[in-house]
Every structure is written in C-alpha cells, then in structure tokens.
Protein chains: 2
Amino acid sequence: MIPLYFKIYQQIKDDIRDHTYPAGSFLPSENELVTQFQTSRDTIRKALAKLDEEGLIQKQRGKGSQVISHQLRHFPISGLTSFHELEELQHFHVVTEVPVFEHLTVTKKTQKTTLFPVGTPLYHIVRVRIIDGIYSVIDEDYIRADIVPGLTKDIAKHSIYAYIENTLHLSVAYAEKTITAELVTAMDRKLLVGLPEDENRLIQVESQGHLTDTTYFQRTIARHRPDQFQFNEFARRQTT
Amino acid sequence: MIPLYFKIYQQIKDDIRDHTYPAGSFLPSENELVTQFQTSRDTIRKALAKLDEEGLIQKQRGKGSQVISHQLRHFPISGLTSFHELEELQHFHVVTEVPVFEHLTVTKKTQKTTLFPVGTPLYHIVRVRIIDGIYSVIDEDYIRADIVPGLTKDIAKHSIYAYIENTLHLSVAYAEKTITAELVTAMDRKLLVGLPEDENRLIQVESQGHLTDTTYFQRTIARHRPDQFQFNEFARRQTT
DNA sequence: GAGTGGTCTAGACCACACG
DNA sequence: GTGTGGTCTAGACCACTCT
C-alpha cells in the first residue's frame, strides 16, 4: 500500500520534472493543495517535506514553496544507488566482468580487511565495470553468506541489490560511506585496463551496508578511475 | 524561539552521545516518550524523525527505535560544515593563509569560471589551509559582493560563514556539491607547499551556495591534497 | 490585514512484530 | 492479543511576508 502523501509527492515531483511547475515558480499554497487533493494539511506537508529534503523545492515562511532551479542535472550517485539502476537512468552502456567470486570464512587475518567478526561466512566478489568501453571501476564486495544466501556469479553480473531486495525481500536500511583517494596497487593496474601510467591514485568509496534491524551485512569497496569519477550531493544547511 | 520537538531531539541526542541510551539499545516507545515529555505523539515523532535522518536511530515498525552503533566516529565534512566549525569540533590546529583577496566584476571571459552572470560584482578569495603543519587544501571562493558586502581579508582568515550568518543575518539554505579528481596546476603546486612530486591530481569539492530565497551567491572550489582528503556520508536507502 | 508556512494537539485506524 | 511505529484527520495558534 502506497501512502497518500507519497503519491502526492510523486505527482508534484512529476509536475516539476515536466515543467508544469517551472523552475523558480511557486507551488500552490499548502491550503490550496489541501483542497486540490482533498486531504489534510499534514499529509500535504509530508509530501512537501520530501520534496524539500531532495532539493526540489525551497520552503519560505510567509511566501510559499519555490521550485529550485538546478544547475547540474543530477547524476544520482548520491544516496544509495546501484550501478544497475544508474545504467537504466542514464543510458550508459555498462559491461561487468567478475574476476573473483568465492566463499570464505573470516579469519584473524582477514578480519581487518572485511570488518566482519572471525568465523563469519562471506561471499567475496570482485567486479570490474566497463562504462562505454572504459574500464572505470573495481567493485570489491564482502557479503554475509548466512544473510544473503544463493548468490551466483550471474547475479553478481546483473544486480546484487535487486537480488537482495526483490528476491530475498530483505530491506537495506542505510550505509556509512567514506570517500578517500588511495594508492593504485598492482592488482588495480591489472584489472583497470588502460589506466594511464601517471595516475597513482584511485578514488575509493567504501560503504558499509546495514539492514533495517541494523545488521551489518555488506562491505563494498569501489575504486574509481580518477578521471571517470564524479559524486554529487545536495546539502541543506538548516531547516529554515 | 526553539521548537519543542527540537529540544526533545537535542535531549535524546545528548542521551545517545553520553550512552544513557547505549548503541544497540531501544529508545522508550513513542507513547512512553509522550508521557515523559508531556506532549503529543506528533511532536515526539518529529524529534525521532530528525534522529533517524541523521543516522542516530533506526526505526522499526512493530519493534521500536534502535540506537545505531557507528563504526566511524563521524568526521563531519558531510552536510555544509565550514573549516572553522571543523576546527572547534575536532581540535585540529588550522592556519589559514589568504594569498588572493580581490574585487572583480564578471566579464564574458570569467563567466565560465565563476558561473555568475556578466556584470555581477564579486569577491575573489583564495585561502590555503594548513592543518597540523601540512598544506592540505586550497579554497577558492567567488562571493557576490552586493549580497555579502564588507568582507575583509581578516574575516576570510577566520570564518566567512560566521560573518554571513551572524553578522549579516543571511540564511544559507542549501548547496549543490560535486566531488571530482582534477589535475594539479602549476598554481596548485605553488600554493600547496610540500605536495609530493608524483601526485598528479587533487580532490576537488565544488560547491554552489544558495540563500533561502534561492539566490545563488557563492561558488567555492576546494582542492584537497589527496592523502589528506576524507569525506563521510550517512546514506539511507528508503524510508522503512 | 490577509495569506503563507511552522508548530502543536488529540484522536483514529492501520500494518507489523512478538509471544 | 498487545504493543509498536506509520498514516491521516481537523483544528488551533504562531511567526513571517507583502501590500
């Protein structure tokens, strides 16, 4: 069941995207929307809150809700977006190679690289993303095999997230991400065919994924070719 | 006037920080909090929503609100945090040099680098941040002089944000940020004393700042020494 | 003064987890 | 079944903007 406020949110979002509400214009007032959608003001406000959070509108007390005009058409790496979703959204041609696909159990030695406790059964998967012909990213995953069973190389080639959410019906709740610039290793150079000689670092996005019950189940280390990397964020300073 | 829900949010946040509610434990239920704080459920829910948004708790329908245990103690570059605030929070020793401080008016030539329309009066400020003795970041700012008048080199040395918000009482609403890895220029090498020869890129965080009335007033280009750069983010997948 | 968004209340019903 | 969080309602008052 989709909540009413969410439907209203989607409708207004569509209306912004197709310029029914052009950039810079004001949405109808909350009271007008109440009569338009025949609902309560709180429901309208929830819908507007989502639009505000995503950076689609700017609310101004005493004035109204203004549609924000964005300079950059968002390349949505922000949030938690998988490559598969990216491909569909942006019409890039992505080829995925899977050079490593193995089971392992965490030992004292591998504890530090996986950040899982000793004894945890894991999938260890390395994927290389070739975007429009350029070897762009190395994705290294450590995924708890007791929580995400039945993974195959074929699933890894398509979308692990789709498998987790649609097939296993697990809900990914949140992830902690860290972006750094790390030195290129010999292995990196082997996997990222065509990486220029003078590039000495890759941009690393490390991500620790958790389920709704806060279980830590996945660690991903994505290493991007620096000239192919871009990360966008919409950041609010305060709640007005 | 501070809203009630905000005070409750702060109090619970404090209780989480000082382990009154330890990591992994559950907060009192919403109904219990209602009687504790003698308020309505909606007000409690607003407070909890803020905690959820920031990644301090995970709400679980039918179960309760669980305190998230974080692996990384956040280095709060996420959001819109200035260097001055960072310094206070983290006890780093930051020295700021201001090699460039000038007025200029946007011309056809400088339109592309500033992203402001021709004729806009701007401050152009370049600052170098020396963190614990290491030349770490070059901050280049373009700020609308008609909106932020009276800037001085001295203010730039301390905190431009504090001046904008506390002295001019302007409210910064949001910023669009883009992180990329850019090639080192001769100027970069001159300003970032001690940058290793073999580093060919700096991590660039470009940010376009807007006021609550959506006015675009500031462009900042921060270029970080790659081995000194870290960006953390808490990302939610869905709203549970 | 009229209209806007921001806060707060009191109550209702629903979907879900757990024993 | 009981308790939890999720949604929705109808109304109130306040703070702010604009004319």
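Proteins come first, then strands; the chains are lettered A, B, ... in the order of their sequence lines, and each starts at number 1. Here the structure is a predicted model, which means the values were calculated and not measured.
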Does [X] use its side chain to pair, donor to acceptor, with the backbone of [Y] at less than 3.5 Å?
| X | Y | answer |
| --- | --- | --- |
| B:Arg127 | B:Ala156 | yes |
| B:Gln38 | B:Thr35 | yes |
| B:Arg129 | B:Asp139 | no |
| A:Tyr123 | A:Leu151 | yes |

Fill in: nucleotides 9-19 of chain C: protein proximity per nucleotide (B base, S sugar-phosphate only, - neither; heavy atom, under 4.0 Å)
B--B--BBSS-
Send over the distance from [X] [atom1] to [N] [atom2], rounded to a whole Å.
| X | N | atom1 | atom2 | result |
| --- | --- | --- | --- | --- |
| A:Lys7 | D:dT7 | NZ | C1' | 12 Å |
| B:Ile8 | C:dT7 | CD1 | P | 13 Å |
| A:Gln60 | D:dC18 | CD | C1' | 13 Å |
| B:Tyr9 | C:dG6 | OH | C1' | 18 Å |
| B:Lys46 | D:dG6 | NZ | C1' | 16 Å |
| A:Ile44 | C:dT4 | CD1 | C1' | 15 Å |
| B:Lys59 | D:dG3 | NZ | C1' | 15 Å |
| A:Gln58 | D:dT17 | CD | P | 13 Å |

Worksheet, complete the sentence: Residues at least two apart in sequence or cross-chain that pass side-chain contact (heavy atoms from CB on, under 4.5 Å) with B:Ser25, listed by chain then number, are B:Tyr21, B:Pro22, B:Val67
Worksheet entry | Five-pair end axes of the helix from C:dG1-D:dC18 to C:dC18-D:dG1 and the angle they enclose, rounded to 10° | 10°
Worksheet item: Counting only non-hydrogen atoms, which of residues 23-34 of chain A are less than 4.0 Å from DNA chain C?
Response: A:Ser29, A:Glu30
Side chains of [X] and [Y]: do they bring a donor and an acceptor to under 3.5 Å?
| X | Y | result |
| --- | --- | --- |
| A:Thr110 | A:Thr107 | yes |
| B:Thr152 | B:Asp154 | no |
| B:Gln60 | A:Asp213 | no |

Item to complete: Would you please name every residue forming a ring pair (Phe, Tyr, Trp, His ring centres under 6.0 Å) with B:Tyr163, sequence neighbours left out?
Response: none
Worksheet item: What pairs with B:His169 under ring pair (Phe, Tyr, Trp, His ring centres under 6.0 Å), at least two apart in sequence or on another chain?
Response: none
Practice prompt. Would you tell me if any nitrogen or oxygen in the side chain of A:Tyr5 comes within less than 4.0 Å of OP1 or OP2 on D:dC8?
Written response: no
Worksheet item: Under the 6.0 Å and 45° cation-pi test, does A:Lys50 pair with A:Tyr9?
Response: yes
